[in-house]
Novice: 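Just dropping this structure here.
Residue indices begin at 1 and follow the sequence shown.
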Amino acid sequence: MTERAYIQDRKGETDRYASREDFRRIFTGDLGGLYQLSFLLTRDSVKAEQCFVGGLEDCVAGNSVFREWAHSWAKRAIIQNAIRELKPRPSVSNSPPTPPVVSDMDQLSSGPGNYFEIDAVCRLEDYERFVFVMSVLEHYSEHDCAVLLECSVPEVREARTRALKELADSPPMDRSQNQSLVQEKK
């Protein structure tokens with residue numbers, strides 16, 4: 001193989017991977033969705049911003065990931081930052097969760113479709129909320145959730161069941177509170 005052919009082959013190989021600029025475009029293009037993910041995990045606008053920025057920094061630091069997977073990788077970086085920040089673990093007590101800290105709910109509004117109320121999701125205990133967001137909204141497998149949260153698959157199943165039951169038992173939303181909705185991802 002000639003040197004020129006080798007260089008062309010290597011260039012084609014590197015074009016398959018997401019660049020720093022690709023990740024910047026992803027974070028800019030899906031600013032609302034990625035921030036919303038960060039907020040749902042942290043239920044605090046300051047921590048959400050920190051996890052969002054940390055996710056961007058992690059992605060542009062030079063990960064070798066295929067371009068097709070870059071958006072999923074960006075979400076995973078945010079999830080990992082939120083896990084490091086909050087360290088969610090299965091609850092041992094029945095104490096009520098702290099109320100969410102929200103600075104601007106308009107940032108989180110969604111269009112028509114199937115919804116979960118942000119307030120109801122934010123009322124979930126940290127561990128149940130992480131499992132719900134990761135497994136139901138982001139479609140992570142039980143195994144992936146267990147690996148990221150450093151727990152067992154049965155613990156993930158139990159937490160998802162508790163979260164879904166609690167959300168199902170939540171009082172119905174007043175449609176005038178449309179800004180506090182989260183669209184369930186299909």
Novice: Taking the side chain as every heavy atom from C-beta outward, state whether Q80 and D58 have any atom pair closer than 4.5 Å.
Specialist: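 Heavy-atom side-chain distance check fails, nothing below 4.5 Å.
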
Novice: Taking all atoms of both residues into account, what is the closest heavy-atom pair of H139 and V136, and its distance?
Specialist: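 Here H139 and V136 meet closest at CE1-O, 3.4 Å.
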
Novice: Are M134 and W69 connected, step by step, through hydrophobic side chains (Ile, Leu, Val, Met, Phe, Trp, Tyr) whose heavy atoms are closer than 4.5 Å?
Specialist: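 Result: yes, single cluster for both.
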
Novice: Check whether any side-chain heavy atom of V131 lies under 4.5 Å from a side-chain heavy atom of L149, and answer yes or no.
Specialist: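 In contact.
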
Novice: Output the distance between atom OG (S64) and atom CZ (R16), rounded to the nearest 0.5 Å.
Specialist: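 Going from the OG atom of S64 to the CZ atom of R16 covers 11.5 Å.
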
Novice: So, for K47 and T42, which heavy atoms are closest and what is the spacing to 0.1 Å?
Specialist: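 Where K47 meets T42 most closely, the heavy atoms are CB-CB, 3.8 Å.
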
Novice: Indicate yes or no: at least one non-hydrogen side-chain atom of L41 is less than 4.5 angstrom from one of R129.
Specialist: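 With C-beta onward as the side chain, the pair stays apart.
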
Novice: Quick check: do Y140 and S72 have side-chain heavy atoms less than 4.5 Å from each other?
Specialist: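 Counting from C-beta outward, Y140 and S72 never come under 4.5 Å.
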
Novice: With heavy-atom distances below 4.5 Å as the criterion, would you say the side chains of F39 and I118 are in contact?
Specialist: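 Touching, per the 4.5 Å side-chain cut-off.
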
Novice: Test your reading of the model: is there a side-chain donor-acceptor pair from D30 to the backbone of I26, 3.5 Å cut-off?
Specialist: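 No, D30 side chain to I26 backbone: no donor-acceptor pair under 3.5 Å.
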
Novice: Would you give the length of the straight line joining atom CZ of R24 to atom SG of C59, rounded to the nearest 0.5 angstrom?
Specialist: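 Nearest 0.5 Å value for the CZ-SG distance: 11.0 Å.
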
Novice: In Å and rounded to the nearest 0.5 Å, what is the CG to CG distance from D119 to L124?
Specialist: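 That separation rounds to 11.5 Å.
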
Novice: For the residue pair V147 and H143, establish whether any side-chain heavy-atom pair is separated by less than 4.5 Å.
Specialist: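 SC-SC contact between V147 and H143 confirmed.
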
Novice: Is R123 salt-bridged to E166, going by a charged N under 4.0 Å from an acidic O?
Specialist: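 Answer for the salt bridge query: no.
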
Novice: Any salt bridge linking D126 with R43? Criterion: basic side-chain nitrogen under 4.0 Å from a carboxylate oxygen.
Specialist: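 So D126 pairs with R43 through a salt bridge.
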
Novice: Which heavy atom in S141 sits nearest to a heavy atom in D144, and how many Å separate them?
Specialist: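 For S141 versus D144, the nearest heavy atoms are OG-N, 3.0 Å.
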
Novice: Quick one: CG on L37 to CZ on F52, what's the gap to the nearest 0.5 Å?
Specialist: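 Nearest 0.5 Å value for the CG-CZ distance: 10.0 Å.
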
Novice: Using 30° and 60° as the class boundaries, would you call the ring planes of F66 and Y17 parallel, tilted or perpendicular?
Specialist: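 Geometry flag for Y17 against F66: parallel rings.
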
Novice: To the nearest 0.5 Å, how far apart are CG in D22 and NE2 in H71?
Specialist: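 Result: 12.5 Å between the selected atoms.
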
Novice: So do the side chains of Y127 and R162 get within less than 4.5 Å of each other, counting heavy atoms only?
Specialist: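 With C-beta onward as the side chain, the pair touches.
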
Novice: More than 12 heavy atoms of other residues, nucleotides or ligands under 6.0 Å from CD of Q50: yes or no?
Specialist: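 Yes.
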
Novice: First locate atom CG of L137, then atom CZ of F132, and finally report the distance between them rounded to the nearest 0.5 Å.
Specialist: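 It comes to 4.5 Å.
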
Novice: What pair of heavy atoms forms the shortest contact from A70 to F23, and how long is it?
Specialist: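 That would be O-CE2, 3.4 Å.
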
Novice: State, with a plain yes or no, whether a side-chain heavy atom of F130 is found less than 4.5 Å away from one of L148.
Specialist: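 No, every pair of side-chain atoms sits at 4.5 Å or beyond.
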
Novice: For R76, what residues pass the side-chain hydrogen bond (donor to acceptor under 3.5 Å, both in side chains) criterion, not counting sequence neighbours?
Specialist: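 So R76 forms no side-chain hydrogen bond (donor to acceptor under 3.5 Å, both in side chains) with any residue.
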
Novice: List the atom of E85, the atom of C51, and the distance in Å for their closest heavy-atom pair.
Specialist: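 So the minimum-distance heavy-atom pair works out to CB-SG, 4.2 Å.
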
Novice: May I have the step-by-step check of side-chain contact (heavy atoms from CB on, under 4.5 Å) for F27 and I78, ending in yes or no?
Specialist: CA-CA 11 Å; F27 275 82; I78 288 171; 3.9 Å; yes

Novice: When you group the ILVMFWY residues by side-chain heavy-atom contacts below 4.5 Å and let the links chain together, are L40 and V53 in the same group?
Specialist: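 Yes: a chain of side-chain contacts under 4.5 Å links V53 to L40.
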
Novice: Over all heavy atoms of both residues, which pair between E128 and A159 is shortest? Give the atoms and the distance, please.
Specialist: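 Distance-wise, the nearest heavy atoms are CG-O, 3.7 Å.
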
Novice: Could you tell me whether the side chain of S38 and the main chain of L34 form a donor-acceptor pair under 3.5 Å?
Specialist: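 Not a single qualifying donor-acceptor pair exists.
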
